[in-house]
Amino acid sequence: MVENHRQLHRAGQAAPLGLAIRRDRVPFPLPPIRTRRRRRGIRMADVNRGKRPLSPFMFGQVYRPQLGSMMSIAHRVTGCALAGAALLVVWWFLAAASGADSFARADGLLTSWLGGLVLILAMAALWYHAINGIRHLIWDTGHGLGREESRKAGLAVLAVTVVATLATLIAAI
Amino acid sequence: MSKPMSYRTDRQRVHGLGAAGEGVEHWWHQRLTSIALVPLTLLFIFPFVRSLGAEHASVLETYSSPFHAVVAVLFLLVGFLHLQQGLQVVIEDYIGDRPTRTGLVVANTLLCWAFALAGVFAVAKIAFSA
């Protein structure tokens with residue numbers, strides 16, 4: 001049984017962050033939404049408190065994938081991936097500072113077929129994280145938090161990411 | 001109980017510190033580094049990708065210019081600081097076991113500073129020796 005959002009809301013069980021919960025997929029018992037006891041104002045004790053699986057576990061099984069949640073996860077993933085890219089950049093600078101031979105080795109590896117692929121992905125990750133980060137900074141001021149405007153801004157972030165990545169690629173060649 | 005000679009009330013001492021007792025300092029510093037990184041990324045990335053695959057001499061020439069060297073130093077410093085802050089949040093979100101969490105936060109902080117300063121040293125060496 002999938003309940004609609006208004007029902008969930010009335011029962012005080014709407015999911016936080018606007019994530020849609022599939023009540024039929026929840027891997028632990030949820031208290032029933034409408035019972036005779038509840039209608040009489042008697043609330044059930046929350047028997048599962050402290051035993052529930054937490055957010056990352058819930059994902060996929062319970063939450064429906066949406067643009068907002070996907071882009072939020074991608075922000076984290078690209079941020080973590082950029083740690084690896086940062087190490088490559090430092091390595092490249094150290095090699096350039098060490099001399100022509102070590103520079104040729106580091107630069108050769110980074111501009112090889114595999115190195116180039118890694119750098120292109122890193123470039124896309126950097127632009128995505130930077131541009132989506134601007135969206136986050138705007139959210140932090142309290143603007144653009146509406147469902148429709150944040151969805152449109154999300155699509156704009158994706159479009160600008162593609163353009164910026166292509167522009168960087170052209171600048172690199 | 002307030003310390004002796006303190007005129008601040010208990011309520012005033014904890015004001016704004018929240019449940020974690022740390023307030024919004026970490027969050028705020030992360031915003032500062034992210035704001036700084038917006039212009040720094042734009043300034044750093046294009047000279048950098050043009051230097052990839054270039055002659056060693058031309059790379060040395062690019063980063064011996066004070067402008068490019070300062071941009072690269074700032075980008076590496078602020079970038080690694082932001083990385084440290086972000087990875088710490090990720091660790092704190094997903095690692096529940098306290099000893100593991102503390103160990104990872106310590107390792108993350110030390111490694112990020114080490115790599116930041118290594119990068120800054122490399123750029124400085126290029127800038128000063130060319």
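We name chains A, B, ... by the order of the sequence lines, and we start the count at 1 in each one. Heavy atoms only: backbone and side chains are in, while hydrogens, waters and symmetry mates are out.
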* At what distance, to the nearest 0.5 angstrom, does OG1 of A:Thr168 lie from CZ of B:Arg50? -> 11.0 Å
* Over 12 non-hydrogen atoms of neighbours within 6.0 angstrom of CG in B:Asp97 -> yes
* Structure fact -> Between A:Cys80 and B:Leu87, the two heavy atoms sitting closest are SG-CD2, 4.0 Å
* To do: State whether the number of non-hydrogen atoms from other residues, nucleotides or ligands found under 6.0 Å of B:Glu55 atom CD is greater than 12.
  => no
* Where along residues 107-115 of chain A does a heavy atom come under 4.5 Å of chain B, listed by residue number? -> A:Asp107, A:Leu110, A:Thr111
* To do: Sort B:Phe115 into side chain, backbone, both or neither according to what part of it lies under 4.5 angstrom from a heavy atom of chain A.
  => both
* Exercise: identify the closest heavy-atom pair between B:Ala118 and A:Leu94 -> O-CD2, 3.7 Å
* When only pairs under 4.5 Å are counted, which of B:Gly119, B:Ala122, B:Ala124 shares the most heavy-atom pairs with chain A? -> B:Ala122
* Looking only at heavy atoms, which of residues 138-148 of chain A get nearer than 4.5 Å to chain B? -> A:Asp140
* **Contact origin within A:Leu137 toward chain B - heavy atom pairs under 4.5 Å** => side chain
* Structure fact -> Bottom line for A:His129: the part with an atom under 4.5 Å from chain B's heavy atoms is side chain
* **Parallel, tilted or perpendicular: ring planes of A:Phe93 versus B:Phe44, cut at 30 and 60 degrees** => tilted
* Asked: Between B:Ala54 and chain A, which part of the residue has a heavy atom less than 4.5 Å away: side chain, backbone, both or neither?
  -> backbone
* Is it possible for you to say whether A:Val163 and B:Leu42 belong to one hydrophobic cluster, with membership spreading through side-chain heavy-atom contacts below 4.5 Å? => no
* What part of A:Leu169 is in contact with chain B, defined as an atom under 4.5 angstrom from a non-hydrogen atom: side chain, backbone, both or neither? -> neither
* Asked: In Å and rounded to the nearest 0.5 Å, what is the OG to NE2 distance from A:Ser102 to B:His56?
  -> 6.5 Å
* **chain A interface, residue from B:Gly96, B:Ala116, B:Gly86, B:Ser51 that has the most non-hydrogen pairs under 4.5 Å** => B:Ser51
* To do: Could you grab the distance from atom CH2 of A:Trp92 to atom CZ of B:Phe48, nearest 0.5 Å is fine?
  => 5.5 Å
* Hey, quick one: are A:Leu166 and A:Ile131 part of the same hydrophobic cluster, counting side-chain heavy atoms closer than 4.5 Å, chains of contacts allowed? -> no
* To do: Kindly work out whether a path of hydrophobic side-chain contacts (I/L/V/M/F/W/Y, heavy atoms less than 4.5 Å apart) joins A:Leu82 to B:Val38.
  => no
* Could you look at A:Trp127 and say if it's the side chain, the backbone, both or neither that has a heavy atom under 4.5 Å from chain B? => side chain
* Any link between A:Leu158 and A:Leu121 through a network of hydrophobic side chains (Ile, Leu, Val, Met, Phe, Trp, Tyr) touching at under 4.5 Å? -> no
* Asked: Is any residue of residues 70-82 of chain B within less than 4.5 Å of chain A by heavy atoms, and which ones?
  -> B:Ala72, B:Leu76, B:Phe80, B:His82
* Among residues 101-111 of chain B, which residues come closer than 4.5 Å to chain A, judged by heavy atom distances? -> none
* Quick one: do B:Leu83 and B:Ile91 end up in the same hydrophobic cluster if we chain Ile, Leu, Val, Met, Phe, Trp and Tyr together by side-chain heavy atoms under 4.5 Å apart? -> no
* **Heavy-atom proximity to chain A below 4.5 Å, by part of B:Val90** => both
* **Engaged part of A:Leu126 at the chain B interface, taking heavy atoms whose separation is under 4.5 Å** => side chain
* Is chain A contacted by the side chain of B:Leu37, its backbone, both, or neither, given a heavy-atom distance below 4.5 Å? -> neither
